[in-house]
Amino acid sequence: MDDEAMIRMLAAEAVLEAGLEVIECGNADGALDYLSNSSRADEVCLVVTDVRMPGTLNGVELAHYVAEHCPWVHIIITSGWHDDLGRLPPKAEFLPKPWLINRITQTAQRARAEC
């Protein structure tokens with residue numbers, strides 16, 4: 001298992017421990033496709049994304065889409081790159097890598113409580 005796969009697995013475990021279901025999308029396009037169905041989007045409380053990812057959008061662009069179309073959703077943006085992220089949307093939190101697992105767990109618990 002490579003480092004990125006291990007990071008995804010740890011993040012997924014933290015979200016599961018907070019009592020939320022994990023739905024993995026391969027990239028921002030997959031997440032947008034999933035969220036474009038309003039009945040599915042209504043069930044989403046938290047989106048965890050990386051700044052750099054394959055597809056047509058990066059994680060920050062995905063976060064802005066989510067904030068505009070699903071304002072109830074909490075967002076975690078993570079990255080080992082500390083590029084200029086610009087202004088983050090509401091309910092978005094940036095966690096630089098390497099992050100502490102409890103930070104994801106705390107945000108997931110907050111998202112679950114407000115969803």
Identify the heavy atoms of [X] and [Y] that sit nearest to each other, and give their distance.
| X | Y | answer |
| --- | --- | --- |
| I75 | P89 | CD1-CG, 4.4 Å |
| G59 | T49 | CA-OG1, 3.5 Å |
| V15 | A108 | CA-CB, 4.2 Å |

If you round to the nearest 0.5 Å, how far is [atom2] of [Y] from [atom1] of [X]?
| X | Y | atom1 | atom2 | answer |
| --- | --- | --- | --- | --- |
| D42 | C70 | CG | SG | 8.0 Å |
| H69 | S38 | NE2 | OG | 12.0 Å |
| N27 | T56 | CG | OG1 | 7.5 Å |
| I104 | T78 | CD1 | OG1 | 6.5 Å |
| L88 | I77 | CG | CD1 | 4.5 Å |
| L62 | L35 | CG | CG | 7.5 Å |

Has E61 got a side-chain atom pairing as donor or acceptor with N58's backbone, closer than 3.5 angstrom? yes
Using modelled atom types only, decide if a donor and an acceptor are shared between the side chain of H74 and the backbone of V48 within a distance under 3.5 Å. no
Test side chain to side chain contact (heavy atoms under 4.5 Å, CB included) on D50 and K97; report intermediate values, then the result. CA-CA 10 Å; D50 198 292; K97 291 180 187 173; 2.5 Å; yes
Tell me, do E24 and V22 make a side-chain contact under 4.5 Å, heavy atoms counted? yes
Kindly indicate whether the side chain of V44, heavy atoms from C-beta on, has any atom under 4.5 Å from the side chain of Y34. yes
Look at the side-chain heavy atoms of Ile, Leu, Val, Met, Phe, Trp and Tyr, link any pair under 4.5 Å apart, and say whether M53 and V47 land in one connected group. no
Once salt bridge (charged side-chain N to carboxylate O under 4.0 Å, His left out) is applied, what residue pairs with a partner in residues 100-115 remain, sequence neighbours excluded? K91-E114, E93-R103, E93-R110
